[in-house]
Amino acid sequence: MKRPELLVPAGTFEKMQYAFAYGADAVYAGIPRFSLRARENDFTMEKIIQALEYAHARGKRVYLTMNIYPHNTKIPSFTDMLRHVAELRPDGLIMADPGMILVARENHPELPIHLSTQANTINWQAVRFWKQLGVKRIILSRELRLDEIEEIRQHVPDIELETFVHGAICIAYSGRCLLSNYFNHRDANQGTCTNACRWEYKVYSEPAELEEERDVLLPAAGRHFYLEEAERPGQLMPVDEDEHGTYIMNAKDLSTIHILDKIVKAGLDSLKVEGRTKSVYYVSVITRAYRQALDFVLKGQAVPQAILQEVYAVANRGYVTGFLERNPLDKGQNYESGHSSNQSRLFCGIIRSWDERRGLATIAVRNRFEVNDELELITPQKTIRFTVKEIINADDEKVNVAHGGGKDVRLLLPERPDAFALLRKVVKQQTAVLF
């Protein structure tokens with residue numbers, strides 16, 4: 001089987017370092033102002049230069065993202081930034097707008113263009129079209145089934161194909177969300193989505209039920225419905241519903257770790273993880289899980305259950321395989337909660353340094369843990385469970401609790417930690433993987 005690239009998000013330079021340490025072949029990072037993740041993005045031009053040098057020194061790749069659809073007023077600044085980015089010679093530039101792709105092909109023909117999933121490429125004729133325009137890679141629409149991807153590969157064998165294999169799924173079709181704009185005047189297609197589809201809503205129907213608070217209302221012929229967001233009491237929004245739903249519900253997350261063999265067989269060149277705004281812990285754990293699972297698949301071996309379970313060690317809204325196997329219909333949404341939960345582990349801290357003489361590690365604490373808690377030391381290669389015996393604060397005093405917020409404590413570990421080691425707490429035993 002062809003060895004596909006494992007491509008993971010790098011919202012910051014630090015996350016990129018962890019991604020590579022835990023097994024990523026490549027990362028993608030957004031250009032602030034011109035990508036769909038403008039928030040929580042620290043990639044200045046100087047850091048992009050550093051990132052490219054860091055990656056290439058390790059035989060890794062960095063793809064930069066400029067996939068907004070710019071309005072007329074943004075075209076000059078977009079074009080100017082495009083010139084600067086081309087000078088850096090990234091391994092690829094992810095774009096969506098056909099006009100801006102034309103500018104890139106005309107002025108920077110040496111720059112490899114990857115067509116963003118925002119362009120909604122769902123058939124092989126569209127792939128042929130973009131190939132003729134000089135696009136090197138197509139990031140396929142998330143609404144495709146595996147058999148459709150295989151058909152695209154058969155019709156257009158000489159172009160790179162990429163698809164998402166893990167992460168959040170936009171409930172508004174391919175990210176065209178109106179709620180973020182409506183509530184906060186922040187345009188999802190300009191990189192400032194507020195994830196309003198995850199918020200808590202109450203549903204009312206007229207006329208009689210408007211005076212009664214109801215959690216669930218079944219559709220009825222001729223009935224009109226209104227939504228009320230929990231933080232905006234009294235502001236009722238009319239919403240129409242057709243046979244497919246309202247498009248404002250909370251999508252479950254995508255996870256395909258248990259069907260990687262089918263995905264590899266489809267002939268994809270790159271498998272992409274979503275999550276540029278997620279934590280270092282998320283990037284590390286999910287990258288390691290997919291790296292290990294993919295290695296087993298490429299050797300023709302079954303993926304061990306312990307690796308499959310790792311996707312539950314991060315916060316999630318429940319998992320589905322998206323549209324890759326079938327339309328998830330009502331199984332694709334979480335109707336009960338807009339919050340990430342359902343995780344078996346809690347990220348506790350980043351190991352910053354190691355005192356060889358005392359056998360103590362300095363921990364930048366991210367979430368609370370206590371003496372006698374079960375923790376796990378995770379590294380790019382392994383997981384070691386241990387019980388906390390004592391915690392020493394910055395004043396060299398023994399304490400019972402390490403509070404969150406990034407404050408440092410020192411901790412006795414079962415062994416010397418590797419570079420990029422992290423700590424997490426066992427919050428519940430892992431259960432069978434259910435999708």
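Atom CG of Leu161 is separated from atom CG of Leu140 by 5.0 Å, given to the nearest 0.5 angstrom. To the nearest 0.5 Å, the span separating OG1 on Thr121 from CD1 on Ile152 amounts to 8.0 Å. Atom NE2 of His403 and atom CG of Asn367 lie 12.5 Å apart (nearest 0.5 Å). Here the straight-line distance linking atom CE of Met81 with atom CD1 of Ile31 works out to 6.5 Å at 0.5 Å rounding. Here the straight-line distance linking atom CG of Leu346 with atom CG of Leu423 works out to 11.5 Å at 0.5 Å rounding. To the nearest 0.5 Å, atoms NZ (Lys382) and CD (Glu376) are separated by 13.5 Å.
Each salt bridge (charged side-chain N to carboxylate O under 4.0 Å, His left out) pair with one or both residues in residues 295-309, not counting sequence neighbours, appears once here: Arg291-Asp295. Applying the ring-ring contact (aromatic ring centres under 6.0 Å, His included) test to every pair with at least one member in residues 282-307, sequence neighbours left out, gives these pairs: His166-Tyr290. A ring-ring contact (aromatic ring centres under 6.0 Å, His included) check over residues 74-126, counting only residues at least two apart or in different chains, returns the pairs Phe34-Phe78, Tyr63-His114, Trp124-His155. The salt bridge (charged side-chain N to carboxylate O under 4.0 Å, His left out) contacts involving residues 118-127 comprise nothing, where partners must be two or more places apart or lie in separate chains. Pairs passing the ring-ring contact (aromatic ring centres under 6.0 Å, His included) check and including a residue from residues 259-278, sequence neighbours excluded, do not occur. Contacts classified as salt bridge (charged side-chain N to carboxylate O under 4.0 Å, His left out) and involving residues 52-65 (residues at least two apart or in different chains) are given here: Glu5-Arg61.
In this structure, the side chains of Pro4 and Leu298 come closer than 4.5 Å at one or more pairs of heavy atoms. Between Phe43 and Leu64, the closest side-chain pair of non-hydrogen atoms is not below 4.5 Å. Counting heavy atoms from C-beta on, the side chains of Pro233 and Glu228 come closer than 4.5 Å. Side-chain contact between Leu52 and Lys47: absent, with no pair of heavy atoms (C-beta onward) separated by less than 4.5 Å.
Checking side-chain atoms of Asn123 against main-chain N and O of Gln125 turns up a donor-acceptor pair under 3.5 Å. Using a distance-only test at 3.5 Å, with no hydrogens or angles considered, a donor-acceptor pair links the side chain of Lys15 to the main chain of Lys278. Side-chain atoms of Thr321 never come within 3.5 Å of backbone atoms of Leu324 as a donor-acceptor pair (strictly under, hydrogens ignored). Not one N or O on the side chain of Ser141 forms a donor-acceptor pair closer than 3.5 Å with the backbone of Asn120.
Annotation: cation-pi geometry not satisfied between Arg145 and Phe323 (NZ/CZ under 6.0 angstrom from ring centroid, within 45° of ring axis).
Under the ring-ring contact (aromatic ring centres under 6.0 Å, His included) criterion, Tyr18 pairs with Phe420, sequence neighbours left out. In this view, Glu14 and Arg352 satisfy the salt bridge (charged side-chain N to carboxylate O under 4.0 Å, His left out) rule, not counting sequence neighbours. For the ring-ring contact (aromatic ring centres under 6.0 Å, His included) test, residues two or more places apart in sequence or in another chain that qualify with Phe347 are Tyr281. Judged as a salt bridge (charged side-chain N to carboxylate O under 4.0 Å, His left out), and not counting sequence neighbours, the contacts of Glu229 are Arg232. Partners of Phe129 by ring-ring contact (aromatic ring centres under 6.0 Å, His included), not counting sequence neighbours: none found.
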Could you go through residues 93-105 and list every donor-acceptor pair under 3.5 Å that involves a side-chain atom there, pairing it with any protein atom two or more places apart or in another chain?
residue, atom, partner, partner atom, Å
Asp97, OD1, Gly99, N, 2.9
Asp97, OD1, Met100, N, 3.0
Arg105, NE, Leu133, O, 3.2
Arg105, NH1, Pro109, O, 3.0

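Minimum interatomic distance between His258 and Ser255 (heavy atoms only, all atoms of both residues): CE1-O, 3.7 Å. Counting all heavy atoms, side chain and backbone alike, Gly267 lies closest to Lys2 at O-NZ, 3.3 Å.
No more than 12 heavy-atom neighbours from other residues, nucleotides or ligands sit within 6.0 angstrom of CD on Glu231. For CG of Asp158, the number of neighbouring non-hydrogen atoms (other residues, nucleotides, ligands) closer than 6.0 Å is greater than 12. Residue Lys262 qualifies as open at atom NZ: its count of foreign heavy atoms under 6.0 Å is 12 or below.
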Could you go step by step and tell me if Arg153 and Asp269 meet the salt bridge (charged side-chain N to carboxylate O under 4.0 Å, His left out) rule?
CA-CA 10 Å; Arg153 168 54 74 213; Asp269 297 276; 2.6 Å; yes

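Exactly one residue among Lys425, Arg345, Arg385 makes a salt bridge (Lys or Arg N to Asp or Glu O under 4.0 Å) with Glu374. That residue is Arg385. A side chain to side chain contact (heavy atoms under 4.5 Å, CB included) with Leu422 holds for exactly one of Ser284, Ser279, Cys348; it is Ser284.
Looking at Arg424 and Glu310, a side-chain N of the basic residue comes within less than 4.0 Å of a carboxylate O on the acidic one, giving a salt bridge. Under the 4.0 Å criterion applied to side-chain N and carboxylate O atoms, Glu274 and Lys272 are not assigned as salt-bridge partners.
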